[in-house]
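Residues take their numbers from the sequence shown, with the count starting at 1. What you see is a predicted model; the values in this text were computed from it and never measured.
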Amino acid sequence: MLQGEYQHTLDAKGRLILPVKIREELGATFFLTKGLDGCLDIYPMEEWIKFSERINSLRASSKEARRLKRYFIGSAVECEPDKQGRFLISPALREFAKIDKEVTVLGMGDHVEIWSKEVYYEYENDDVSIEEIAEMLEF
């Protein structure tokens with residue numbers, strides 16, 4: 001399971017080295033795409049296939065379905081880390097997620113989120129109380 005929180009930095013070329021534990025679970029090939037809340041998402045091959053099949057099964061005549069396809073599939077990049085475990089985050093995806101240098105990497109079970117460190121800090125400190133979090137657990 002993909003889990004944990006890690007702090008990392010991009011190199012001068014916009015490449016990121018994922019933590020070894022995360023890298024091992026993602027496998028040799030994974031997919032990077034826009035995420036929700038202003039982050040980027042990484043899906044292992046198997047999860048990406050499930051995710052993209054769900055989106056592709058939506059009616060093509062639906063404006064919302066086409067928008068979802070453009071957002072997630074249109075921005076997706078297949079990644080194969082190099083021997084040092086680095087992979088490139090494109091300038092467009094870095095701009096979308098407001099990533100400059102420092103990132104927060106979060107394992108989310110079936111996928112990984114990559115956040116700008118500053119944006120994640122703001123997100124985490126948006127005045128959500130422990131009581132509100134407890135209420136969210138009542139699913």
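Put simply, CZ on R59 and CZ on R66 are 10.0 Å apart, with the number rounded to the nearest 0.5 Å. To the nearest 0.5 Å, atoms OG1 (T104) and CD (E5) are separated by 6.0 Å. Remark: K98 NZ to L40 CG distance equals 12.5 Å, nearest 0.5 Å. Taken to the nearest 0.5 Å, the CG atom of L10 stands 5.0 Å off from the CD1 atom of I89.
Of all non-hydrogen atoms in C39 and I114, the two that sit nearest each other are CB-O, 3.3 Å. Residues A28 and P81 approach most closely at O-CD, 3.4 Å, considering heavy atoms. Nearest heavy atom pair, residue P44 against residue F30, reads CA-CB, 4.3 Å.
Among residues at least two apart or in separate chains, side chain to side chain donor-acceptor pair (under 3.5 Å) pairs with a member in residues 47-58 are E47-K50.
Contacts of Y121 classified as ring pair (Phe, Tyr, Trp, His ring centres under 6.0 Å), with partners at least two apart in sequence or in another chain: none. Evaluation of the side chain to side chain donor-acceptor pair (under 3.5 Å) rule for E118 yields S116 as partners, not counting sequence neighbours. Evaluation of the side chain to side chain contact (heavy atoms under 4.5 Å, CB included) rule for D11 yields K13, R15, R86 as partners, not counting sequence neighbours.
Note on V103 and F96: same hydrophobic cluster, where clusters join Ile, Leu, Val, Met, Phe, Trp and Tyr whose side-chain heavy atoms are under 4.5 Å apart, directly or indirectly. The same ILVMFWY cluster, assembled from side-chain heavy atoms under 4.5 Å apart, contains both L26 and V77. Residues I17 and Y6 fall into different hydrophobic clusters, defined by Ile, Leu, Val, Met, Phe, Trp and Tyr side chains chained together at heavy-atom separations under 4.5 Å.
Contact annotation: the side chain of I42 approaches that of L18 to within less than 4.5 Å [non-hydrogen atoms, C-beta and beyond]. The closest side-chain heavy-atom distance from T9 to K117 is not below 4.5 Å. A 4.5 Å side-chain heavy-atom check between I22 and L2 finds at least one atom pair inside the cut-off.
Hydrophobic side-chain contacts under 4.5 Å tie V20 to no other Ile, Leu, Val, Met, Phe, Trp or Tyr residue. Summarising the hydrophobic clusters (Ile, Leu, Val, Met, Phe, Trp, Tyr; side-chain heavy atoms under 4.5 Å, direct or chained), the residues clustered with W115 are L106, M108, V119, Y120, Y123.
Sparse packing is recorded around CD of E95, with 12 or fewer heavy atoms of other residues, nucleotides or ligands lying under 6.0 Å away. The 12-atom threshold is exceeded at CD of Q7, counting heavy atoms of other residues, nucleotides or ligands nearer than 6.0 Å. Counting heavy atoms of neighbouring residues, nucleotides and ligands inside a 6.0 Å radius, atom CZ of R67 does not exceed 12 of them. The environment of NZ in K21 is sparse: at most 12 heavy-atom neighbours from other residues, nucleotides or ligands sit within 6.0 Å.
Using modelled atom types, no side-chain atom of R94 and backbone atom of D100 make a donor-acceptor pair closer than 3.5 Å. With T33 contributing its side chain and F72 its backbone, the two residues share a donor-acceptor pair below 3.5 Å. Looking at Y43, its side chain never comes within 3.5 Å of a backbone N or O of V112 through a donor-acceptor pair. The backbone N or O of M1 lies less than 3.5 Å from a partner atom in the side chain of E25, making a donor-acceptor pair.
In this structure, the ring of F31 has its center no less than 6.0 angstrom from the ring center of F51.
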Review point. After noting the C-alpha distance and the side-chain angles of D41 and E113, does the key distance pass the side-chain contact (heavy atoms from CB on, under 4.5 Å) rule?
Key: CA-CA 5 Å; D41 287 346; E113 291 181 345; 3.6 Å; yes

